[in-house]
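First the structure, in the form of structure tokens, and then the observations on it.
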Amino acid sequence: EVLGALVAQSNEHPFVLVLTARSDEASAAALQAARDVIAPMRPLSLSLRPLAHAEVAELVQRSLGDALDDAFVAQVVARSAGNPLMVGQYLQAMKDAGVLRPVWGRWEIDAEALAGVALPSSVFDLLMSRMAHLAERTRELLSTAALLGSQTTLEQLVACAEAVPFKDVQRAVAEGVEERLIEPSASIDGFGFVHDRIREALVGSFVGDRTRVHARAAAWLDALPERTGRQVFERAWHAARALPRYPVPAAANACLAAAALALRDHAYGQAYELLHAVQQSGGVATLDVEARRRFHRSAGVNLRHRTTTM
């Protein structure tokens, strides 16, 4: 809906719109839907090619210095298929396997070990191998962080972890950064996952009651004196997933507040999901009179838009 609203105004208000998407089979339907919406703008489509030998060599040089020869770079090119994420992950995997060793301030290659080492052949397998090196406590905490979203803060992770000391959380985050699974995020003064596949794998490996984590995340966001637009949506997202552990009236109000922002931003699909969450939880009956009026008004606006655009 947001894309459709932008396309409708593109003739009156010129702007540059840049979209990125995965090219795998799982993303094909969403990618085609986006292409259909923006078709009137006659978009230019660019498919990113794999990195060439010289470009991989530059990445390797930035990571390891000038001491490595072309034969080694050629192996990295072949193993990574020119995928920049895989280049970095392969280099780290080679360090872990002892193929790359620091010697007097430079990196040396054990050619014999390189020939015999069995490295994963896909990005996902590489990422899973990175996680296998994590300490158990680190893996548990990063799995909790993955439930919190693509980005989070140290303070929120401490609040949502199961009575874990602050120093242990700091240590786990530092290990995640060292293993190149997460990286600092200046936008929220916290950290985020290097790749969404990493987060997906960690969410899948979470053991425990997910509603407990979501309830703690929603409560932590409730306690903030002020919330950004992003945090309003995060609060609703966590509250809806924390039911029935999280109070239904609080979840209903959180979703209603986020739905209002979604309608303001023409995100009618997102507004529908939030309003539907309120209704499905039985939250409408728990709203006060004014909030119930806002719910029905928002639902009406959303329904009118969705009816006219179908």
Side-chain angles (χ1 to χ4, degrees), residues 59-60 62-65 76 79-80 83-103 105-110 113-114 117-210 212-214 216-217 220 234 238:
L59 283 181
V60 172
R62 288 181 184 178
S63 297
L64 305 177
V76 176
R79 289 173 183 257
S80 68
N83 183 313
L85 175 64
M86 288 189 74
V87 170
Q89 292 294 328
Y90 267 126
L91 293 179
Q92 188 62 41
M94 289 176 186
K95 292 177 185 177
D96 294 338
V99 172
L100 287 169
R101 298 189 301 249
V103 178
R106 55 191 290 273
W107 290 96
E108 283 192 353
I109 310 162
D110 186 332
L114 178 60
V117 70
L119 293 174
S121 58
S122 71
V123 173
F124 183 76
D125 289 341
L126 263 173
L127 297 176
M128 291 303 291
S129 72
R130 307 277 342 113
M131 291 180 214
H133 294 96
L134 296 174
E136 182 177 355
R137 173 58 65 87
T138 297
R139 187 161 50 250
E140 291 172 356
L141 287 169
L142 291 185
S143 294
T144 300
L147 284 179
L148 299 179
S150 59
Q151 295 181 322
T152 189
T153 64
L154 195 62
E155 292 76 15
Q156 186 177 26
L157 180 54
V158 170
C160 297
E162 290 277 359
V164 180
F166 185 81
K167 287 186 177 180
D168 287 359
V169 176
Q170 280 185 312
R171 190 178 301 113
V173 169
E175 185 180 351
V177 171
E178 184 179 349
E179 292 290 345
R180 298 189 180 183
L181 297 173
I182 57 176
E183 60 188 356
S185 173
S187 62
I188 63 166
D189 193 24
F191 63 89
F193 291 91
V194 171
H195 197 275
D196 54 359
R197 293 280 177 89
I198 296 174
R199 177 176 173 263
E200 290 165 6
L202 284 166
V203 167
S205 70
F206 180 84
V207 177
D209 184 352
R210 297 188 180 192
R212 186 186 298 274
V213 176
H214 289 302
R216 288 178 173 176
W220 183 81
E234 286 181 355
H238 288 299

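Since this is a predicted model, take the numbers as computed values, not measurements. Along the sequence shown, residues are numbered consecutively beginning with 1.
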Heavy-atom pair with the smallest gap, counting every atom of Leu202 and Ser143 = O-OG, 3.3 Å

Do Trp220 and Thr153 have side chains that get closer than 4.5 Å, going by heavy atoms?
-> yes

Nearest 0.5 Å please: distance from the CD1 atom of Ile198 over to the CD atom of Glu183.
-> 9.0 Å

Taking every heavy atom of Met86 against every heavy atom of Ser80, the minimum-distance pair comes out as SD-O, 3.7 Å

Looking at CG of Leu147 and OG1 of Thr152, how far apart are the two atoms once the value is rounded to the nearest 0.5 Å?
-> 10.5 Å

Which distance, rounded to the nearest 0.5 Å, do you find between the OG1 of Thr138 and the CD of Glu175?
-> 3.5 Å

Could you state the interatomic distance from CZ (Phe206) to OG1 (Thr144), rounded to the nearest 0.5 Å?
-> 4.5 Å

Going from NE2 on His238 to CG on Leu148, what distance comes out if it is rounded to the nearest 0.5 angstrom?
-> 5.0 Å

Does the Gln151 side chain pair with the main chain of Ser185, one donor and one acceptor, at a distance under 3.5 Å?
-> no

Would you indicate whether the side-chain heavy atoms of Val158 and Val164 approach each other to under 4.5 Å?
-> no

With the side chain counted from C-beta on, respond yes when Leu134 and Leu181 share a heavy-atom pair under 4.5 Å apart, and no when they do not.
-> yes

How far apart are the closest heavy atoms of Leu142 and Ala172, and which atoms are they?
-> CD2-O, 4.5 Å

Lys95 vs Leu64, side chain to side chain contact (heavy atoms under 4.5 Å, CB included): CA-CA, chis, key distance, verdict = CA-CA 11 Å; Lys95 292 177 185 177; Leu64 305 177; 3.7 Å; yes

Donor-acceptor pair, side chain of Arg210 and main chain of Val203, under 3.5 angstrom | yes

All heavy atoms of Val169 vs all of Leu157, minimum pair found to be CG1-CD2, 3.7 Å

Calculate, to the nearest 0.5 Å, the distance between atoms CG and CZ belonging to Leu154 and Phe191 respectively.
-> 7.0 Å

State whether Arg171 and Glu178 are salt-bridged, where the test is any N-O pair (Lys NZ or Arg NE/NH1/NH2 against Asp/Glu carboxylate O) under 4.0 Å.
-> no

Distance-only, no hydrogens or angles: does the Arg199 side chain make a donor-acceptor pair with backbone N or O of Gly149 under 3.5 Å?
-> yes

Donor-acceptor pair, Arg216 side chain versus Ala161 backbone, under 3.5 Å?
-> yes

